[in-house]
Amino acid sequence: PTGGAAAPLPEEDCMKLNPSFVGIALSSLLAIDLWASKRLGVCAGEGSAWGSARPLMKVIEVSGHGIPWLLGTFYGLCQSDSSAAREVLLNLLFALLLDLVMVAVVKGLVKRPRPTHNKMDMFVTISVDKYSFPSGHATRAALVCRFVLRHLVLAVPLRVLVVLWALIVSISRVMLGRHNMTDVLFGLLLGYALYGVVEHCWLSPATAPALFALW
């Protein structure tokens with residue numbers, strides 16, 4: 001009837017009209033993340049504010065890429081004549097492979113596109129790298145940093161350089177426009193956590209004799 005009261009809205013429509021505080025907060029944080037990441041992408045292109053520093057940033061990018069780390073670790077493993085060194089290198093190889101798998105899984109689940117100001121000229125990319133969350137470079141940098149500081153005997157200046165390298169690699173991801181800030185922050189946290197998994201599953205002649213028999 002025309003004079004009757006309006007029918008109540010379905011529950012799902014009420015939810016859309018009354019978004020939760022958490023939803024509003026997340027949307028606001030996402031907007032801030034996108035805005036700040038674009039402002040900090042000062043090397044995203046040759047015409048950017050710090051475009052002249054782009055070649056240097058790309059060298060830093062390669063230093064954190066997975067392929068050089070995998071090839072270098074595998075080469076060291078093949079050339080090593082020390083059982084202790086082989087154990088450390090084998091676990092570093094395991095850590096790098098675990099990092100690649102976990103980052104690929106999360107990227108495939110989240111499927112967050114890369115920033116729109118990113119120039120797609122990365123070194124040796126694969127299909128999953130069209131996604132942005134999390135930053136694989138940041139994850140790898142945090143993982144390798146913890147691993148090196150724990151298992152290599154280094155002088156204090158070298159230990160500081162390792163930490164600085166991890167930070168610079170992570171920051172370069174935003175400066176180059178490859179990632180948003182939250183991609184990098186989550187990547188660092190994930191890499192830090194993955195090192196704990198590596199330590200828990202540490203490979204040794206006692207726990208993985210078949211692997212060590214190969215070397």
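Excluded from the calculations below are hydrogen atoms, water molecules and symmetry mates; all remaining heavy atoms, backbone and side chain alike, are included.
- Residues that satisfy the salt bridge (Lys or Arg N to Asp or Glu O under 4.0 Å) test with D33, not counting sequence neighbours, are R112.
- Partners of L154 according to the side-chain contact (heavy atoms from CB on, under 4.5 Å) rule, which considers only residues two or more places apart in sequence or in another chain, are V148, L152, L158, R159, V162.
- Under the rule for a side chain to side chain donor-acceptor pair (under 3.5 Å), the partners of R140 that lie at least two apart in sequence or sit in another chain are D99.
- Judged as a side-chain contact (heavy atoms from CB on, under 4.5 Å), and not counting sequence neighbours, the contacts of H117 are K38, A44, P115.
- Considering only residues two or more places apart in sequence or on other chains, S63 meets the side chain to side chain donor-acceptor pair (under 3.5 Å) condition with W165.
- With sequence neighbours excluded, no residue forms a side chain to side chain donor-acceptor pair (under 3.5 Å) with S83.
- The stretch residues 84-113 participates, sequence neighbours left out, in no ring-ring contact (aromatic ring centres under 6.0 Å, His included) pair at all.
- The other members of the hydrophobic cluster of M122, by chain and number, are M120 (side-chain heavy atoms under 4.5 Å, ILVMFWY only).
- The stretch residues 129-139 participates, sequence neighbours left out, in these salt bridge (charged side-chain N to carboxylate O under 4.0 Å, His left out) pairs: K107-D129, R114-D129.
- Partners of W35 by side chain to side chain donor-acceptor pair (under 3.5 Å), not counting sequence neighbours: none found.
- Under the rule for a ring pair (Phe, Tyr, Trp, His ring centres under 6.0 Å), H179 has no partner lying at least two apart in sequence or in another chain.
- Taking the side-chain contact (heavy atoms from CB on, under 4.5 Å) definition, one finds that K58 meets it with R54, E61, D121, L176, R178, sequence neighbours left out.
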